[in-house]
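A note on names: the letters A, B, ... follow the listed sequences, proteins ahead of strands, and every chain is numbered from 1.
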Amino acid sequence: MHRFLTLLAIALVWLPLAPAVAQNGPLRIEITEGVIEPLPFAVPNFVADTSAAGEVARNISQVIASDLSGTGLFRQIPANAFISGITSFSSPVQFADWKAVNAQALITGAVSVDSSGKLVVRFRVWDVFAGQELGNGLQFVGTQAGWRRIAHKVADQVYSRITGEGGYFDSRVVFVSESGPKDKRAKRLAIMDYDGANVTYLTDSSAIVLAPRFSPTGDRILYTSYATGFPKIYVLDVASVKRRVLESQDGTMSFAPRFGPDGKTVVYSLTRGGNTDIYRMDVSTGSSARLTSAPSIETAPSFSPDGRQVVFESDRSGTKQLYVMSVNGGEARRISAGEGQYGTPVWSPRGDLIAFTKQSKRRFHIGVMRLDGSEERLLTASFLDEGPTWSPNGRVIMFTRETQGAQGQANLYSVDITGRNLRKVLTSTGASDPSWSPLQ
Amino acid sequence: MARHWTPTRRTVDGVGVNTGQIISGAGHFGLIGWALLGNIFASEPIPFEVTEVTAVTAEEYATIMAAERPPETVSDVIVPDVPDVPDDVPSLTSQVDTAADTSQPNATEAGQPDDVPELSEITPPSNTIVGDEAPVLQPPEEDFAALLPQTSLRPKQRPVKRIAPEQVAPPEPDTTIDEVVQQETVPDESSDKPAEETIETAPEEAATEIVTEAEQAAPAKSIRPKLRPSNASLPQSTAKDEETGSSDVEAALAAALGSSTDEPAQPSTPSGPPLTSSEKDALRISVQKCWNVGSLSSEALLTTVVVSVEMSESSTPVTSSIRLVSSTGGSSGAAKQAFAAARRAIIRCGARGFDLPREKYDHWREIEMTFNPEKMRIK
């Protein structure tokens with residue numbers, strides 16, 4: 001008995017030390033928890049190689065910093081904290097100075113105007129703590145008027161090199177510009193840079209317009225107009241601002257159009273005889289096919305990125321829910337299962353998530369769920385949030401938020417799919433129904 | 001005569017108890033009590049159980065058993081039912097037994113004895129006569145002269161410079177000794193890419209000059225030669241294994257010649273006490289404070305990377321030694337991003353040195369850190 005107790009005591013004493021004693025080779029540890037913080041970066045003013053490029057060099061630096069900071073993934077270190085500056089694009093980087101201000105990424109660049117009047121922008125991205133360059137230096141050449149777009153392209157490159165996924169800064173958003181009181185609101189189609197700059201109006205306010213949607217190449221826009229007194233689908237060429245009616249059957253109402261990934265096919269809702277179903281149309285021939293035939297309301301269709309499936313909303317179960325069906329129609333499966341009503345589903349460009357609007361307990365939410373309806377996450381909550389649209393890289397969602405009351409106004413907001421970084425998109429007027437273009 | 005062994009325990013039950021057995025029993029109880037209630041971790045003396053036995057004859061054992069057997073006091077006796085005897089009783093027959101065959105088996109011829117190995121085939125080991133006295137060594141003259149006070153007035157021989165038969169290349173420029181090998185920055189006129197100015201560094205050379213045997217100091221005393229093994233018939237491999245000195249020499253020769261052995265070289269095992277769990281936890285917490293996954297892509301957040309880093313004795317990571325050992329769960333691009341985040345964490349939080357016990361440097365000279373972002377993914 002005593003021998004047993006003694007052996008047991010010895011075993012208990014040595015048991016915790018056994019793995020340590022057995023250490024062979026390097027010390028091994030596992031780290032499973034970290035922090036989620038914006039990555040500090042520094043963008044010293046780009047060096048102006050020519051006197052004519054001085055102001056645009058500063059502007060480009062500011063736009064790059066604004067793009068990166070706006071993602072919520074990066075934090076700009078103010079210029080007054082810099083220990084050393086960048087006076088020459090080719091001079092060595094003093095990493096110790098940038099480490100001292102905790103800059104983990106450094107963007108350096110130079111701007112010049114060549115003999116033909118073109119703007120030339122060169123830049124490099126540095127991993128300060130590794131003391132090495134991220135990727136190779138790159139140069140963009142464009143018109144001087146297009147400096148802003150060049151800045152967005154530089155920011156896209158920086159974003160991609162640090163995060164490992166594509167950017168979304170060199171993109172545009174088409175939306176419905178709203179002005180006037182709520183009971184007599186004027187609505188026009190407008191297009192702008194993703195950050196609210198360079199707004200251009202595509203239609204006048206003579207007719208109500210709704211739900212504009214970009215084509216996969218960004219050169220055309222589908223939208224719904226009440227120009228005839230009834231909702232009809234139009235297609236508009238962005239470059240020429242010319243438009244034509246896409247669906248004009250007598251005695252019908254067509255709305256909620258959306259392009260397929262090939263740009264040749266459109267799915268939309270059509271109401272005939274009081275029943276609303278989903279149809280698919282070949283844009284070039286105008287031939288259409290009916291995809292649903294339920295007596296309920298089926299609307300807001302959206303293609304999957306591979307073009308094989310369509311997600312839509314339907315009240316066939318008594319409340320609005322989300323369903324997925326083949327692009328050729330047939331039996332649909334319900335994917336939404338939570339309390340409340342679901343609408344305006346949009347398939348992520350990555351194909352892994354579906355964004356939606358949810359109404360529950362007198363609140364509206366923007367949320368995302370997996371393709372089978374699992375892992376539903378509500379990203380926002382307000383009096384009225386609706387109409388999500390995905391950024392080209394599938395990381396950010398833009399949507400409409402309308403405030404309550406007679407003086408309530410619609411505005412555009414964006415939120416990261418993590419639910420962080422909710423931001424208002426600055427527009428000169430009220431705005432609703434955004435649709436994000438692909439990366440240009 | 002058959003003998004039975006009766007354990008002493010029976011005497012404790014009340015039979016044959018004497019004073020010595022009572023003392024022995026009390027001693028055992030005390031010992032067991034001390035072992036249970038006392039300091040069981042005492043290393044000396046280690047108590048052990050003793051069971052005494054007494055040898056008795058068969059007659060004595062029968063007597064003891066008869067005296068010990070208590071009277072039977074069975075009160076309830078189950079009387080079995082009397083079986084019914086059928087009327088037709090089978091007839092019984094009897095037969096006289098025949099005597100058992102007690103004849104002895106015929107003796108058989110004894111088998112051939114096993115072959116006895118010829119002793120002549122076995123070569124007896126040659127006995128080596130080793131004297132108790134150490135052999136008298138004749139020290140070389142130079143050593144002798146060095147050990148004695150220099151009283152001779154003979155002029156010393158002037159040192160002769162070694163002259164190579166051919167002109168040799170100029171020596172390498174002075175290089176800063178460092179454990180990190182780093183090339184000196186050379187300006188590249190053809191490239192716009194600026195490079196950080198670095199000083200060339202290299203590990204310390206094995207020797208800065210050739211030290212000949214004659215220049216080495218003489219040993220204080222000669223090493224007594226080892227005795228030869230007396231059993232020369234041992235297999236060669238066994239003798240080789242036990243001869244650690246020779247294996248060391250072979251290893252040194254292999255290392256010097258750069259030859260590879262059949263088995264890969266085993267890494268040197270750190271000596272001394274390993275890091276405790278709290279010391280490892282402190283290191284892990286230090287690194288995870290700087291492991292920022294906020295800017296990683298969704299795919300990079302699915303990627304686990306194993307990163308190796310060499311540490312200086314000042315407990316700071318050697319930046320140039322940080323390398324990606326392996327990755328799982330993502331593409332190479334995602335692994336690259338995940339590795340970059342891990343590297344930033346090690347460098348940032350290790351810039352002022354990790355809190356590691358210096359006396360255990362051998363244990364954390366090289367560290368492999370596994371960065372598993374499973375808990376950091378978007379839920």
By side chain to side chain donor-acceptor pair (under 3.5 Å) - contacts of A/Trp390 (at least two apart): none
Out of A/Phe129, A/Tyr159, A/Phe74, return the one with the most heavy atom pairs under 4.5 angstrom to chain B. A/Phe129
Count the heavy-atom pairs under 4.5 Å between each of A/Ile29, A/Asp352, A/Leu73 and chain B, then report the option with the highest count. A/Ile29
Winner by heavy-atom pair count (cut-off under 4.5 Å) against chain A, out of B/Ala300, B/Ser297, B/Pro373: B/Ser297
Looking at B/Asn372, B/Thr304, B/Ile367, B/Asn292, which has the largest count of heavy-atom pairs under 4.5 Å with chain A? B/Asn292
Side-chain heavy-atom pair A/Leu371, A/Trp347 within 4.5 angstrom cut-off: yes
Give the interface residues of residues 34-46 of chain A toward chain B, defined by a heavy-atom separation under 4.5 Å. A/Gly34, A/Val35, A/Ile36, A/Glu37, A/Pro38, A/Leu39
Using a 4.5 Å heavy-atom cutoff, which residues in residues 341-352 of chain B come close to chain A? B/Arg343, B/Arg344, B/Ile347, B/Arg348
Find out whether A/Arg28 and A/Pro26 are in side-chain contact, i.e. whether some heavy atom of one side chain is under 4.5 Å from a heavy atom of the other. yes
Apply ring-ring contact (aromatic ring centres under 6.0 Å, His included) to the pair B/Trp364 and B/Phe354, showing each step before the final yes or no. CA-CA 11 Å; B/Trp364 48 266; B/Phe354 292 113; 9.1 Å; no
Quick check: do A/Thr163 and A/Arg395 have side-chain heavy atoms less than 4.5 Å from each other? no
Residues of residues 101-110 of chain A with any heavy atom under 4.5 Å of a heavy atom in chain B: A/Asn102, A/Gln104
With chain B as the partner, which of A/Ala130, A/Gly137, A/Gly72, A/Ser88 has the greatest number of non-hydrogen pairs under 4.5 Å? A/Ala130
